[in-house]
Amino acid sequence: MFLNLLVAALAVAITGLLGWRMLDHRADRTEIARLIDLQPSSPARFSADMVADLPEPAQRYFRFAIAEGTPLYTVARIEMGGQFSLGTKDAPNYMNMTATQVLAPPEGFVWKMSGGAGLMRMSGSDSGRWTRFWLAGLVSVARFGGDPDHTRSAYGRYVAEAMIWAPAALLPGPSVTWEPLDESAARVVIRHGDLEQAVDLTVDVEGRPVEIVFQRWSNANPEGVHRLQPFGAFLSDFRDVAGFRMPFHVEAGNLFGTDAYFPFFLADVTEISFPQRAR
């Protein structure tokens, strides 16, 4: 009798967890659809005249990243593989991962990933609204978001990733301003509602973006306290996609430029596309 009750209780618990997981999948799909619907249906086309008044490194960046006449799509879908670490610099314990990301700066993003194997398989999603990860698809191991700290931290991430995979979203406008730093670097400031984020870009002589760094609101530190701290990435393996030229290899991590830095995110892009909004 006791065994039967135990089996029944476990079945109910597992069914409940699977239902909870399905709700997360539904939320992912809903948010992804919302972001894709922000794609301009008849976008303007790039002209170097659009960036003629920007600092010279920023002009170089745009002329490298966007070919003349390219439709200026601002919502990108990125398929990627690579490695992801939840460890430390001394013990990174990298796991292989695959992920799909829909990036729509400055409105939001969804990064939906799966990594590891067997009972240690990690899956879930990160977005501008939540962070939700599961172990083996049944055990919730991280669940937070919906508060000012998470919103501010997430905004820093996807604004910086616009520099990588959605350059059209960084063209100058009322909410996007550029300022010079030196002969090879410029700073962009992106405002959206009450949020504001600056990102520093370093380019080579051809305008290739080789490094980005910004002050990110984060609690990824020994104290576990939210504060501004450097986050950055190295970019390489540039390829042409529908008139854009973007990096297919990214190495990124917290405390960039300090002795504590290590790249917890090593991504190799397999495909970039610009999904069209539903008619």
Run the numbers on F234 and F256 for ring pair (Phe, Tyr, Trp, His ring centres under 6.0 Å), then give the verdict. CA-CA 10 Å; F234 295 109; F256 192 82; 5.0 Å; yes
Anything under 30° is parallel, anything over 60° is perpendicular, the rest tilted; go ahead and classify [X] against [Y].
| X | Y | answer |
| --- | --- | --- |
| H226 | W217 | parallel |
| F109 | Y158 | tilted |
| F214 | F231 | tilted |

Restricting to non-hydrogen atoms, name the atom on [X] and the atom on [Y] that form the minimum distance, rounded to 0.1 Å.
| X | Y | value |
| --- | --- | --- |
| A104 | V75 | CB-CG2, 3.8 Å |
| V189 | A198 | CG2-CB, 4.0 Å |
| A242 | T70 | O-CG2, 3.4 Å |
| P263 | Y94 | O-OH, 2.6 Å |
| G69 | R45 | O-NH1, 2.9 Å |
| M122 | M113 | O-SD, 3.8 Å |

Which value, rounded to the nearest 0.5 Å, describes the distance between [X] atom [atom1] and [Y] atom [atom2]?
| X | Y | atom1 | atom2 | answer |
| --- | --- | --- | --- | --- |
| S218 | Q229 | OG | CD | 4.5 Å |
| L135 | S123 | CG | OG | 8.5 Å |
| I66 | L72 | CD1 | CG | 5.5 Å |
| D237 | H249 | CG | NE2 | 8.0 Å |
| R77 | L35 | CZ | CG | 10.5 Å |
| T270 | D268 | OG1 | CG | 9.0 Å |

Any side-chain donor paired with an acceptor under 3.5 Å for [X] and [Y]?
| X | Y | answer |
| --- | --- | --- |
| Q101 | E161 | yes |
| D28 | T30 | no |
| T131 | R143 | no |
| E79 | T100 | yes |
| D24 | W130 | no |

Check the pair M97, F265 against side-chain contact (heavy atoms from CB on, under 4.5 Å), reporting the backbone distance first and the verdict last. CA-CA 10 Å; M97 65 91 179; F265 179 74; 3.9 Å; yes
Do [X] and [Y] land in one hydrophobic cluster if side-chain heavy atoms of ILVMFWY residues count as linked below 4.5 Å?
| X | Y | value |
| --- | --- | --- |
| L171 | V176 | yes |
| V159 | V213 | no |
| F133 | I32 | no |
| V199 | F244 | yes |
| F274 | V102 | no |

Any [X] side-chain heavy atom under 4.5 Å of [Y] side chain:
| X | Y | answer |
| --- | --- | --- |
| F84 | L266 | no |
| D126 | K112 | no |
| L235 | M246 | no |
| T74 | L38 | no |
| I272 | F248 | yes |
| H192 | E107 | yes |
| M50 | F62 | no |
| S114 | R121 | yes |

Above 12 or not: heavy atoms from other molecules or residues under 6.0 Å from CG of D147? yes
Heavy-atom neighbours of D53 CG exceed 12 at 6.0 Å: no
Derivation of the side-chain contact (heavy atoms from CB on, under 4.5 Å) call for V210 and V203: CA-CA 6 Å; V210 294; V203 299; 6.0 Å; no
Is the shortest side-chain N to carboxylate O distance from R60 to E206 below 4.0 Å? no
So, K89 and D259, do they make that salt bridge, N to O below 4.0 Å? no
Between the side chain of [X] and the main-chain N/O of [Y], is any donor-acceptor distance below 3.5 Å?
| X | Y | result |
| --- | --- | --- |
| S85 | F264 | no |
| Q59 | A52 | yes |
| S153 | H150 | no |
| E68 | A48 | yes |
| Y73 | S273 | no |

Apply side-chain contact (heavy atoms from CB on, under 4.5 Å) to S41 and Q276, showing your working. CA-CA 7 Å; S41 56; Q276 301 303 299; over 6 Å; no
Residues joined to V225 in its hydrophobic cluster, side chain to side chain under 4.5 Å directly or through other members, sorted by chain and number, are none
Going by side chain to side chain donor-acceptor pair (under 3.5 Å), name the residues that satisfy it together with D240, two or more places apart in sequence or in a different chain. R245
For side-chain contact (heavy atoms from CB on, under 4.5 Å), just list the numbers for H25 and R29, CA-CA rounded to whole Å, side-chain angles, deciding distance to a tenth of an Å, and then say yes or no. CA-CA 6 Å; H25 285 308; R29 291 192 299 269; 3.7 Å; yes
Do the ring centers of F64 and F238 come within less than 6.0 Å of each other? yes
